[in-house]
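Structure, as structure tokens:
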Amino acid sequence: MAPDTDKALAGRTAVVTGASSGIGRAIAQSLGGAGAHVVLGGRTKDAMDESVTRITAAGGTAEAHVHDVRNVDEARALVDRAMTSTGRLDVMVNNAGVSYPEPIVDGDPEHWRTMLETNILALLVGSQAAVHAMRACGADGHIVNISSVASLNPASGVYGATKHAVNCINESLRRELFDDPIRVVTIMPGAIATSFARNFDPAVLELMVSSMGGDTDPAQFTPGDRLSDEVLAGAQRSMSEHLCTPEDVAEAVLWAITRPAGVHLASLVVRPKKDLNL
């Protein structure tokens, strides 16, 4: 019989990076709702504090820490905070990610650096720190690495290349941990209604905003702007066949880490019925 995910994580501790918004926020709240003590890491304190309040109101426990995931010492410190707070780490979700979907010939090297450090280096450091922590406390742990369906496309630019790397790292780490009670899974989301889209091409932003209808003016949004929850929720409602929700990904994460001990899900793809070509 499959485990009951209602409070399946009671007594366990989870770390979630990129937890200020979108997929990371949804995952943190989902794990907290399932009974885990959640350590949220991200850049926006107010947003994470709201998630802590929601988790606490639902009977869970959580703490939020502002950090730069690209800083190796700060990335390791987030895992250390979990061990200090509860003496254990059971779930590590490397979710922080960024995309600049610009052509290579016109690309900004600083954008490339940001993607490489956020999407690859931070994930490597987080995974390594998590393994050491899980071994230290004897946890039957899970490391969840958030990739992308872009990793399945051989012509998906620099961002896609970083997610190809995530998949390679995930499989390599999974094999390295065959003799440990630590399972590794990569989740590959498709098009999701999150502020991750803020760096997309203006035409894509205009499509998302225009899909809401009403008086919303697409011209007021430019690449790099943070998209409000209202805009994202409206876009998802009107484009439900083209956009999944962050909660859809969070459900996949919770399902993956609550499988029986003998079941190892190496990867999951979560995509809408009709993919947008982003």
Side-chain angles (χ1 to χ4, degrees), residues 9 12-19 22-28 30-31 36 38-42 67 69-70 72 75-76 78-79 82 89-99 114-135 139-153 156 158-178 180-190 192 194 196 244 246 248-259 263-271:
L9 302 182
R12 301 185 190 181
T13 299
V15 170
V16 181
T17 68
I23 291 173
R25 178 174 62 185
I27 291 172
S30 175
L31 300 185
V38 185
V39 178
L40 296 85
H67 78 137
V69 75
R70 296 183 295 163
V72 171
R76 289 172 174 162
L78 190 65
V79 172
L89 177 65
D90 302 275
V91 180
M92 177 73 192
V93 183
N94 291 301
N95 165 74
V98 64
S99 172
T114 297
M115 287 190 284
L116 290 168
E117 292 182 351
T118 305
N119 300 353
I120 301 176
L121 177 63
L123 181 140
L124 279 167
V125 173
S127 296
Q128 183 187 66
V131 169
H132 292 167
M134 290 173 183
R135 283 175 170 171
D140 291 343
H142 287 86
I143 296 174
V144 181
N145 292 322
I146 304 300
S147 180
S148 168
V149 294
S151 66
L152 306 177
N153 179 359
S156 51
V158 178
Y159 170 73
T162 68
K163 293 306 184 177
H164 280 285
V166 169
N167 290 3
C168 181
I169 291 165
N170 198 83
E171 182 59 21
S172 298
L173 184 59
R174 190 180 76 86
R175 291 169 183 257
E176 287 183 24
L177 296 174
F178 273 167
D180 286 84
I182 301 172
R183 287 175 279 177
V184 186
V185 58
T186 181
I187 306 291
M188 292 174 275
I192 310 292
T194 75
F196 186 81
C244 288
D248 293 326
V249 181
E251 288 178 9
V253 170
L254 182 57
W255 185 79
I257 66 175
T258 53
R259 295 308 89 203
V263 177
H264 192 157
L265 296 174
S267 63
L268 286 174
V269 175
V270 181
R271 66 169 86 219

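Nothing here was measured: the structure is a model prediction, and the numbers come from that model. The basis for the numbers below is simple: all heavy atoms, side chains too, and nothing from hydrogens, waters or symmetry mates. Along the sequence shown, the residues carry numbers beginning at 1.
The shortest distance between side-chain heavy atoms of R135 and D180 falls below 4.5 Å. With contacts defined as side-chain heavy-atom distances shorter than 4.5 Å, the pair L31/V93 qualifies. Looking at S127 and N94, their side chains come closer than 4.5 Å, going by heavy atoms from C-beta outward.
Not counting sequence neighbours, D140 has no partner by the salt bridge (Lys or Arg N to Asp or Glu O under 4.0 Å) test. Contacts of N95 classified as side chain to side chain donor-acceptor pair (under 3.5 Å), with partners at least two apart in sequence or in another chain: none.
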- Between R271 and L152, does a side-chain contact (heavy atoms from CB on, under 4.5 Å) hold up when you go through it step by step? CA-CA 12 Å; R271 66 169 86 219; L152 306 177; 3.9 Å; yes

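Contact detail for K163 and S148: the closest heavy-atom pair is CG-CB, 3.8 Å. What you find for A133 and V79 is that their closest heavy atoms are CB-CG1, 3.8 Å. Scanning both residues, G24 and V16, for their nearest heavy atoms gives O-CG1, 3.6 Å. Of all non-hydrogen atoms in S99 and M115, the two that sit nearest each other are CA-SD, 4.0 Å. Contact detail for I23 and P189: the closest heavy-atom pair is CD1-CG, 4.2 Å. Nearest heavy-atom pair across M134 and D90 is CE-O, 3.6 Å.
Rounding to the nearest 0.5 angstrom, the gap separating the OG atom in S151 from the CG atom in N119 is 11.5 Å. How far OG1 of T17 is from CG of N145: 9.0 Å, rounded to the nearest 0.5 Å. Note that OG of S172 and CD1 of I169 are 7.5 Å apart. Values are rounded to the nearest 0.5 Å. The distance from the NE2 atom of H164 to the CG atom of N153 is 6.5 Å, given to the nearest 0.5 Å. Separation of atoms CZ (R76) and CG (L78) is listed at 13.5 Å; rounding is to 0.5 Å.
Side-chain N/O atoms of N170 and T186 include no donor and acceptor closer than 3.5 Å. Of the N and O atoms on the side chains of S267 and N167, not one donor lies less than 3.5 Å from an acceptor on the other residue.
In this structure, H264 contributes its side chain and I182 its backbone to no donor-acceptor pair below 3.5 Å. Side-chain atoms of T258 come within 3.5 Å of backbone atoms of L254 as a donor-acceptor pair (strictly under, hydrogens ignored). Looking only at distances, a side-chain donor or acceptor of T162 sits under 3.5 Å from a matching main-chain atom of Y159.
Residue pairs that meet the salt bridge (Lys or Arg N to Asp or Glu O under 4.0 Å) test with at least one member in residues 114-126, sequence neighbours left out, are R70-E117.
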